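What follows is a set of notes on a single structure, which appears directly below.
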Amino acid sequence: DASPDLLRSAQAAAAAAVGLDDQLARGWTALGYAALIADRDFAAADRAFLRAIALDETAASAHRYRAIALGSVGRLVEAEREGRKAVELEPLSLAGRNLLLQILLAGRRYPQAITEAKAMATLSAEASEAWYARGWAHVLMGEREAGVDALLHGLKLWGVAKAEIAALRDLYLAEGFADLCRAVADFFETQSVMFAARPTDIAVLRTLAGQTDLAFAALETAIARDDVYLLFLEVLPWFDELNNDPRWRPLVERARLVR
């Protein structure tokens with residue numbers, strides 16, 4: 001994630017760009033994204049995105065970033081619409097397709113997420129995000145067998161050895177899904193060679209493993225790092241069971257959510 005100084009520099013540059021040419025769609029898009037990420041200001045961001053779209057309806061990035069903004073304030077139907085428009089405009093963009101998957105998951109639109117994940121995997125067989133989204137959609141629908149298959153395939157695409165994946169599958173078959181989540185979270189936290197897992201991803205796994213204290217600790221780390229994925233914190237389905245914990249609301253208030 002970008003540092004605060006870098007975000008402020010980008011924001012100043014975008015403001016200068018639209019000051020010099022207020023017909024520049026890309027400038028308004030950049031200004032909107034800076035307002036969203038740096039200031040967490042939905043109204044300012046949305047005005048800029050709508051201005052960019054009015055200037056250039058084919059600006060896929062404006063639709064994509066507006067989808068993020070709408071999703072971050074819980075307007076998930078509109079977010080999905082904008083996400084789909086971005087994919088329509090740039091059908092080969094994996095970033096656009098991945099964003100649509102995240103919005104569909106946040107909106108509890110699991111069958112639709114599976115359909116879009118399959119389309120993304122067809123476009124790129126190496127797109128691990130497609131397999132993770134597909135896996136979580138199955139899990140959240142209660143279809144754990146299919147979900148585990150897809151999630152483990154995602155780990156394979158990340159470079160996890162076949163022996164490790166086989167061991168995780170055996171653990172799932174012997175001990176169940178919660179123990180699988182615990183083992184994957186442990187693996188994420190103890191290796192740093194293949195990839196660096198987001199603390200938010202670790203929090204998801206700890207939550208599903210029933211390790212509530214560790215889940216909150218991972219979320220605190222995510223907040224400290226200003227993980228951009230926390231824009232969706234209040235609508236992420238994995239954390240539903242944390243909502244009644246007395247620590248949840250204070251934690252949400254410490255996160256820099258979009259308002």
Side-chain angles (χ1 to χ4, degrees), residues 63-64 66-88 91 93-158 168-169 172-173 176-182 184-185 188 197-198 200-210 215 219 227-244 248:
H63 290 285
R64 184 165 65 249
R66 185 166 190 249
I68 296 173
L70 290 164
S72 70
V73 293
R75 292 166 59 176
L76 293 164
V77 173
E78 295 167 90
E80 180 183 341
R81 187 180 304 122
E82 291 285 18
R84 289 190 180 279
K85 182 64 177 179
V87 169
E88 176 189 327
S93 170
L94 296 182
R97 289 181 177 274
N98 184 45
L99 172 61
L100 177 58
L101 288 174
Q102 302 312 311
I103 289 169
L104 290 170
L105 289 174
R108 279 66 169 171
R109 302 258 289 161
Y110 305 132
Q112 293 81 0
I114 292 169
T115 297
E116 294 298 332
K118 289 179 179 178
M120 184 175 173
T122 299
L123 185 65
S124 173
E126 301 301 310
S128 58
E129 296 89 346
W131 288 95
Y132 287 128
R134 180 175 172 179
W136 285 125
H138 279 299
V139 167
L140 292 165
M141 288 174 64
E143 300 171 353
R144 285 188 172 173
E145 295 292 336
V148 168
D149 286 344
L151 292 170
L152 291 180
H153 188 73
L155 288 177
K156 177 183 177 182
L157 293 174
W158 270 8
L168 289 171
R169 187 181 297 280
Y172 166 68
L173 293 173
F177 188 70
D179 272 25
L180 172 65
C181 290
R182 173 193 52 75
V184 175
F188 281 0
R198 284 182 183 273
T200 309
D201 293 334
I202 293 171
V204 166
L205 292 165
R206 295 299 186 195
T207 300
L208 297 178
L219 285 171
D227 184 354
V228 71
Y229 198 47
L230 291 180
L231 291 176
F232 293 95
L233 179 61
E234 289 189 297
V235 294
L236 294 176
W238 299 276
F239 300 131
D240 284 353
E241 62 188 82
L242 300 183
N243 289 184
N244 293 325
W248 176 252

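Here the structure is a predicted model, which means the values were calculated and not measured. The residues of the chain are indexed from 1 along the displayed sequence.
- Put simply, the side chain of Phe232 does not reach to within 4.5 Å of the side chain of Gln102, judged on heavy atoms.
- Here the side chains of Trp136 and Leu208 are in contact, with some heavy-atom distance below 4.5 Å.
- Contact check on Glu78 versus Arg75 returns a salt bridge, with a Lys/Arg side-chain nitrogen under 4.0 Å from an Asp/Glu carboxylate oxygen.
- Side-chain contact between Trp238 and Leu205: absent, with no pair of heavy atoms (C-beta onward) separated by less than 4.5 Å.
- The closest side-chain heavy-atom distance from Arg144 to His138 is not below 4.5 Å.
- When all heavy atoms are compared, the tightest approach of Arg64 to Gly96 is CD-CA, 3.7 Å.
- In this structure, a donor-acceptor pair under 3.5 Å is absent between the side chains of Tyr110 and Glu143.
- The two residues Ala113 and Ala137 have their closest heavy-atom pair at CB-CB, 4.1 Å.
- The heavy-atom pair separating Asp149 from Arg169 by the smallest distance is OD1-NH1, 2.6 Å.
- Residues Ala209 and Arg182 share a closest heavy-atom pair of CB-N, 3.7 Å.
- The backbone N or O of Pro91 sits less than 3.5 Å from a side-chain atom of Arg97, completing a donor-acceptor pair.
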| task | Determine, step by step, whether Ser93 and Val87 satisfy the side chain to side chain contact (heavy atoms under 4.5 Å, CB included) criterion, reporting the C-alpha distance in whole Å, the side-chain angles of both residues, the deciding distance to 0.1 Å, and the verdict. | result | CA-CA 7 Å; Ser93 170; Val87 169; over 6 Å; no
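- Annotation: the span from Ser128 atom OG to Lys156 atom NZ amounts to 13.5 Å, rounded to 0.5 Å.
- Of the residues listed (Val148, Asp179, Leu151, Leu152), the one engaging Leu168 in a side-chain contact (heavy atoms from CB on, under 4.5 Å) is Leu152, and it is the only one.
- Between Leu101 atom CG and Thr115 atom OG1 the span is 10.5 Å, to the nearest 0.5 Å.
- Taking the six-membered ring where tryptophan is involved, the planes of Phe188 and Trp158 are tilted, since the angle between them lies from 30° to 60°.
- Judged purely by atom type and a 3.5 angstrom limit, Ser72 uses its side chain to pair as donor or acceptor with the backbone of Ala69.
- If you take CG on Leu105 and CD on Gln112, they are separated by 10.5 Å, rounding to the nearest 0.5 Å.
- Smallest separation of non-hydrogen atoms from Met120 and Ala127: CE-CB, 4.0 Å.
- Note: Arg66 CZ to Glu82 CD = 4.5 Å, rounded to the nearest 0.5 Å.
- With respect to Arg108 and Asp240, a salt bridge is recorded, a charged nitrogen being found less than 4.0 Å from a carboxylate O.
- Side-chain atoms of Arg81 and Val77, non-hydrogen and from C-beta on, do get closer than 4.5 Å to each other.
- Salt-bridge check for Arg84 with Glu88: failed, with every basic side-chain N at 4.0 Å or more from each acidic carboxylate O.
- Taking the six-membered ring for Trp and thresholds of 30 and 60 degrees, Trp248 and Phe239 have ring planes inclined between 30 and 60 degrees apart.
- Although no hydrogens or angles enter the test, the distance criterion places a donor-acceptor pair under 3.5 Å between the side chain of Tyr132 and the main chain of Leu155.
- Comment: Arg109 engages Glu80 in a salt bridge, judged by a side-chain N to carboxylate O separation of less than 4.0 angstrom.
- When side chains are defined from C-beta on, Met141 counts as touching Pro111, because their heavy atoms get closer than 4.5 Å.
- Closest approach of Leu76 to Ile103, counting heavy atoms only: O-CG2, 4.1 Å.
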| What's the verdict on side chain to side chain contact (heavy atoms under 4.5 Å, CB included) for Leu242 and Leu219, showing C-alpha distance, side-chain angles and the deciding distance? | CA-CA 11 Å; Leu242 300 183; Leu219 285 171; 4.1 Å; yes
